[in-house]
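If you read the sequence from its start, that first residue is 1, and numbering goes on from there. As the structure is a computational prediction, the values presented were derived from the model and not from experiment.
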Amino acid sequence: MVPADASEFRTRPGCGQPLGAVVDDGGVQFSVVSRHASRVWLCLFAAADDGKPFWEFELRRDTHHFGDVWSVYVEGIGAGVLYTFRMAGPRRRHKIHRFKRTRYLLDPYAMAVVGAVERGGGKCVAVRACHGAAKAGRPREPLTRSVIYETHVRGLTAHESAGVVAPGTYAGLIEKIPYLKELGVTAVELLPVQECGEREIGRVNPITGDALTNYWGYNPIAFSAPTGRYARDAGRGGQVDEFRRMVAALHEADIEVILDVVFNHTAEGWQDEPALGFRGIDNVIYYLHDASGEALDLTGCRNTVNCNHPVVRDLIVDSLRHWVMEYGVDGFRFDLAAVLQRDRTGALLDRSPLIERITEDPILRGVRLIAEPWDLAGGHLV
């Protein structure tokens with residue numbers, strides 16, 4: 001956690017791997033990839049709603065920079081610390097770069113996120129890795145006998161008719177396990193639980209005037225973070241523990257957990273909308289653009305992730321491994337999976353390096369892989 005006096009912090013160069021925030025007994029290592037940033041700052045916050053950090057540290061190019069990785073180890077802090085990055089770099093060269101040194105940016109490898117994500121007020125939470133969830137006993141029903149129940153974590157239990165103590169939460173889903181068993185369900189396929197931009201729609205209820213929210217969750221901003229909006233307590237990463245307990249409880253009941261995952265677009269919208277994370281860290285790496293620098297929209301969601309860039313391929317595979325190894329997830333259903341088959345110009349590939357990586361990965365070969373075989377730009381690969 002955060003010591004009372006930030007002067008207690010000591011820093012040293014990080015080793016650059018693994019990416020993200022890695023917590024150990026002495027402190028936290030922060031590592032992030034940005035090829036085109038010229039300056040990088042690590043920012044620590046005392047609370048999720050704080051507009052300014054209580055401590056900042058500028059990483060030095062000569063000591064904290066290795067290839068495209070910026071990495072620093074901070075002593076005296078631990079699990080639960082809130083952090084973001086700031087970055088400076090070239091602005092709008094060929095319409096591509098979107099660096100803005102005053103904007104706080106989410107870590108692409110964040111394990112948990114809190115705060116007002118859509119307004120640029122989101123903070124990442126440093127979480128201590130669990131390592132071992134995948135070793136626990138797992139159900140493994142043959143596909144010929146599988147009964148998959150697709151559901152929404154909040155929608156399944158939010159109404160009073162669900163009869164649960166913790167409506168709309170991962171804990172509430174645990175309470176519905178007897179109901180699922182009664183139906184003969186062997187696997188639940190959860191609509192997206194990746195942290196997303198819930199309030200980015202910008203529209204209101206015409207009757208009440210209340211802001212509309214993204215109920216379905218198909219708008220991720222942190223691929224490896226279970227959303228806090230389905231947790232009873234998400235202040236310092238409580239969603240991580242609650243999600244783990246939900247998966248463990250389902251496994252104990254011999255029910256597999258399959259996640260509907262979205263890697264084809266993000267909550268950052270059009271290229272001129274505010275950067276929340278990926279865009280401000282390295283827009284040219286994380287998104288597809290045409291030859292003039294204009295963002296490509298092959299998803300109908302205003303941007304397209306550059307899935308077959310090597311850095312992004314690593315991010316996606318690392319995210320899938322994370323869900324498997326940290327939580328024990330049994331499989332994935334890939335939203336608009338044809339985007340995973342597109343090259344760095346947006347053209348469809350005969351063979352996708354990313355899809356080959358996923359299907360041949362020594363860890364992911366043990367889980368169920370389901371694809372939605374199309375996108376919104378003619379990629380019908382049925």
Side-chain angles (χ1 to χ4, degrees), residues 14-22 29-37 40 59 64-72 85 87 96 105-113 124 126-127 129 131 134 194-195 220-226 259 261-266 268 275-289 303-327 329 331-332 334-346 349 351-367 369 371:
C15 66
Q17 288 290 323
L19 295 173
V22 179
Q29 175 182 274
F30 302 90
S31 302
V32 63
V33 171
S34 181
R35 179 171 302 168
H36 298 98
V40 175
L59 282 68
H64 303 102
H65 185 233
F66 314 90
D68 294 335
V69 179
W70 300 77
S71 184
V72 63
F85 297 104
M87 297 198 178
I96 291 181
L105 302 167
L106 298 175
D107 180 1
Y109 276 78
M111 292 176 62
V113 175
C124 306
V127 176
H131 301 314
Q194 296 163 303
E195 190 59 69
I221 195 58
F223 292 158
S224 299
L259 301 186
V261 287
V262 181
F263 295 118
N264 58 81
H265 74 281
T266 77
E268 291 190 294
L276 304 175
F278 305 104
R279 177 170 295 134
I281 289 174
D282 215 320
N283 187 47
V284 67
I285 285 179
Y286 285 106
Y287 294 105
L288 289 179
H289 303 82
N303 60 53
T304 307
V305 174
N306 191 6
C307 292
N308 277 296
H309 188 290
V311 170
V312 186
R313 286 204 305 264
D314 285 348
L315 170 64
I316 292 172
V317 172
D318 287 346
S319 174
L320 295 171
R321 287 178 166 185
H322 175 78
W323 289 108
V324 172
M325 300 305 293
E326 286 291 316
Y327 299 106
V329 164
F332 304 95
F334 296 86
D335 180 67
L336 297 185
V339 171
L340 279 59
Q341 184 107 355
R342 292 188 178 273
D343 68 14
R344 292 159 66 178
T345 70
L349 294 160
R351 296 184 64 182
S352 161
L354 174 57
I355 292 177
E356 186 173 34
R357 278 281 304 277
I358 292 171
T359 56
E360 296 294 333
D361 184 83
I363 290 175
L364 302 178
R365 280 181 58 80
V367 302
L369 301 173

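- With rounding to the nearest 0.5 angstrom, the CG atom of Leu336 is 9.5 Å from the OG1 atom of Thr304.
- Closest approach of Phe263 to Gln194, counting heavy atoms only: CE2-NE2, 3.6 Å.
- Between Phe332 and Val324 there is a side-chain heavy-atom pair separated by less than 4.5 Å.
- Considering CG of Leu19 and CG of Leu315, their distance stands at 8.5 Å, rounded to 0.5 Å.
- A heavy-atom distance below 4.5 Å is found between the side chains of Pro310 and Arg344.
- Leu106 contributes atom CG, which lies 10.5 Å from atom OG1 of Thr266 (distance to the nearest 0.5 angstrom).
- With Ser224 contributing its side chain and Ala110 its backbone, the two residues share no donor-acceptor pair below 3.5 Å.
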In sequence, state the C-alpha distance, the side-chain angles, and the governing distance for Leu320 and Phe334, and then conclude on side chain to side chain contact (heavy atoms under 4.5 Å, CB included). CA-CA 11 Å; Leu320 295 171; Phe334 296 86; 3.9 Å; yes

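- Minimum heavy-atom separation, Gly346 to Arg342: O-NH1, 2.6 Å.
- Judged as a ring pair (Phe, Tyr, Trp, His ring centres under 6.0 Å), and not counting sequence neighbours, His309 has no contacts.
- The two atoms that bring Phe278 and Pro108 nearest to each other are CE2-CB, 3.8 Å, heavy atoms only.
- Put simply, CG on Leu59 and CE on Met87 are 8.5 Å apart, with the number rounded to the nearest 0.5 Å.
- Taking the six-membered ring where the residue is Trp, the centroids of Phe30 and Tyr109 are separated by 6.0 Å or more.
- Heavy-atom minimum distance, Met111 versus Ala129: CE-CA, 4.4 Å.
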Ile281 and Leu105: CA distance, side-chain angles, deciding distance, side chain to side chain contact (heavy atoms under 4.5 Å, CB included) verdict: CA-CA 7 Å; Ile281 289 174; Leu105 302 167; 3.9 Å; yes

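- Considering only residues two or more places apart in sequence or on other chains, Ser71 meets the side-chain contact (heavy atoms from CB on, under 4.5 Å) condition with Gln29, Ser31, Phe66, Val69.
- Distance check, rounded to the nearest 0.5 Å: CD1 of Ile96 to OH of Tyr287 gives 14.0 Å.
- A heavy-atom distance below 4.5 Å is not found between the side chains of Ser34 and Asp68.
- For the residue pair Tyr286 and Glu268, no side-chain donor N or O sits within less than 3.5 Å of a side-chain acceptor on the partner.
- Distance alone, capped at 3.5 Å, is enough to place a donor-acceptor pair between the Asn306 side chain and the Ile285 backbone.
- Counted by atom type alone, His289 and Asn283 present one or more donor-acceptor pairs between their side chains at under 3.5 Å.
- Scanning both residues, Leu340 and Leu354, for their nearest heavy atoms gives CG-CD2, 3.6 Å.
- Looking at heavy atoms from C-beta onward, Ile358 lies in side-chain contact with Val317 at the 4.5 angstrom threshold.
- Leu288 and Asp343 make their closest contact through CD2-O, 3.7 Å (heavy atoms, listed as atom of the first residue, atom of the second, distance).
- How far SG of Cys307 is from CD of Gln341: 11.0 Å, rounded to the nearest 0.5 Å.
- Inter-residue side-chain proximity for Val305 and Asn264 is flagged as unmet; no heavy-atom pair is nearer than 4.5 Å.
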Give the intermediate values and the outcome of side chain to side chain contact (heavy atoms under 4.5 Å, CB included) for residues His322 and Tyr327. CA-CA 8 Å; His322 175 78; Tyr327 299 106; 3.7 Å; yes

In sequence, state the C-alpha distance, the side-chain angles, and the governing distance for Thr359 and Arg365, and then conclude on side chain to side chain contact (heavy atoms under 4.5 Å, CB included). CA-CA 6 Å; Thr359 56; Arg365 280 181 58 80; 5.9 Å; no

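- In this structure, the ring of Trp70 has its center no less than 6.0 angstrom from the ring center of His64.
- Within the structure, the salt bridge (charged side-chain N to carboxylate O under 4.0 Å, His left out) test picks out the following pairs touching residues 309-324 (sequence neighbours left out): Asp314-Arg357, Arg321-Asp361.
- In summary, the side chains of Asp282 and His36 do present a donor paired with an acceptor at a separation below 3.5 Å, with no hydrogens or angles considered.
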